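A short worksheet on the structure shown next.
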Amino acid sequence: MPNYWLMKSEPGVFSIDDLANCPNQTEHWDGVRNYQARNMMRDQMRKGDLVFFYHSSCKKTGIAGIAKVVKEAYPDHTALDSDSDYFDPKSTVDNPRWFMVDIQFVEKFTHLVSLQRLKENPLLKDLPLVQRGSRLSIMPVAEKQWHEISSMVTKL
DNA sequence: GCCAACGTTGGC
DNA sequence: GCCAACGTTGGC
């Protein structure tokens with residue numbers, strides 16, 4: 001049984017289309033600089049887990065599609081690169097502070113499942129995404145929530 | 001662009 | 001260990 005997750009990305013920086021256009025439709029998920037998100041990625045994300053790809057900070061916020069974890073956590077090299085926006089002087093090769101996983105494109109929804117619809121669904125009230133003040137960029141999705149959201153995807 | 005809410009830092 | 005100040009996230 002896979003675990004289920006939701007990961008946020010700003011489509012202006014990296015969208016689900018960008019993922020679909022990557023070599024092997026696979027990309028490493030760098031730049032996570034939050035301990036809670038890091039811990040979940042490092043300690044709980046397993047190869048084969050499924051991920052809702054969420055578009056944040058844009059005109060149409062919501063879940064844009066699905067990806068899957070194809071490589072488990074390994075050190076985030078952008079933390080060691082002083083030219084990177086994600087550089088962290090406290091991270092070292094011997095003692096990496098930040099990690100990333102690789103995810104692969106699975107599916108893009110014809111219509112994204114909007115944040116508004118997620119908020120309106122009472123069965124999803126415990127999803128961290130819709131809770132007030134939640135800023136987690138990576139969060140677990142319960143199996144029931146995963147199936148509920150899947151049922152909200154419009155098929156044309 | 002605003003701002004509420006949250007996370008992190010650092011002085012004490 | 002407390003907590004004020006600051007930085008960031010992200011919806012609107």
Side-chain angles (χ1 to χ4, degrees), chain A residues 3-22 27-45 49-69 72-103 105-142 144-146 148-154:
Chain A
N3 299 310
Y4 300 104
W5 305 95
L6 183 147
M7 294 164 86
K8 296 180 183 173
S9 185
E10 298 185 24
V13 178
F14 189 76
S15 71
I16 193 156
D17 292 321
D18 293 329
L19 179 63
N21 289 325
C22 284
E27 184 60 293
H28 46 262
W29 201 261
D30 61 20
V32 171
R33 295 292 179 271
N34 169 282
Y35 291 104
Q36 241 184 305
R38 178 203 69 180
N39 291 347
M40 283 188 281
M41 198 163 55
R42 185 189 60 190
D43 303 336
Q44 293 177 255
M45 266 195 194
D49 285 359
L50 292 170
V51 177
F52 279 136
F53 195 112
Y54 179 87
H55 282 175
S56 67
S57 296
C58 59
K59 271 194 176 171
K60 294 178 69 178
T61 55
I63 297 171
I66 295 175
K68 67 179 174 187
V69 177
E72 296 181 10
Y74 59 105
D76 181 345
H77 56 80
T78 64
L80 305 172
D81 177 1
S82 58
D83 290 332
S84 169
D85 287 343
Y86 300 127
F87 177 62
D88 181 352
K90 291 171 187 162
S91 193
T92 64
V93 175
D94 290 337
N95 189 15
R97 173 175 292 211
W98 303 112
F99 291 81
M100 58 191 183
V101 298
D102 286 357
I103 64 167
F105 177 82
V106 173
E107 175 186 3
K108 179 186 177 183
F109 299 153
T110 311
H111 300 289
L112 63 66
V113 180
S114 69
L115 177 61
Q116 187 185 342
R117 290 185 65 211
L118 296 170
K119 282 182 170 172
E120 285 169 356
N121 187 331
L123 297 176
L124 300 176
K125 63 177 168 44
D126 294 329
L127 190 67
L129 181 79
V130 303
Q131 284 168 7
R132 173 185 154 88
S134 166
R135 288 173 16 183
L136 265 184
S137 62
I138 297 176
M139 68 188 71
V141 176
K144 280 185 179 176
Q145 295 167 337
W146 179 274
E148 178 60 24
I149 294 169
S150 297
S151 77
M152 296 168 71
V153 177
T154 309

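In this text the structure is predicted, and so the values were computed from the model without any measurement. Sequence lines set the chain letters: A, B, ... in the order given, protein chains first and strands last, and positions in each chain run from 1.
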Exercise for the section: Would you please name every residue forming a salt bridge (charged side-chain N to carboxylate O under 4.0 Å, His left out) with E72(A), sequence neighbours left out? Expected result: R46(A)

Exercise for the section: For S15(A) and D17(A), indicate whether the former's side chain and the latter's backbone hold a donor-acceptor pair under 3.5 Å. Expected result: yes

Problem - Aromatic ring proximity Y35(A)/W98(A), centre distance under 6.0 Å - result: yes

Fill in the blank from the handout: With B for base contact, S for sugar-phosphate-only contact and - for none (protein heavy atoms under 4.0 Å), nucleotides 7-12 of chain C reads BBBBSS

Exercise for the section: Kindly indicate, with the supporting measurements, whether the criterion side-chain contact (heavy atoms from CB on, under 4.5 Å) is fulfilled by M45(A) and W5(A). Expected result: CA-CA 8 Å; M45(A) 266 195 194; W5(A) 305 95; 3.6 Å; yes

Practice task
Look at D43(A) together with R38(A) and state whether they make a salt bridge at an N to O cut-off of under 4.0 Å.
Solution key: no

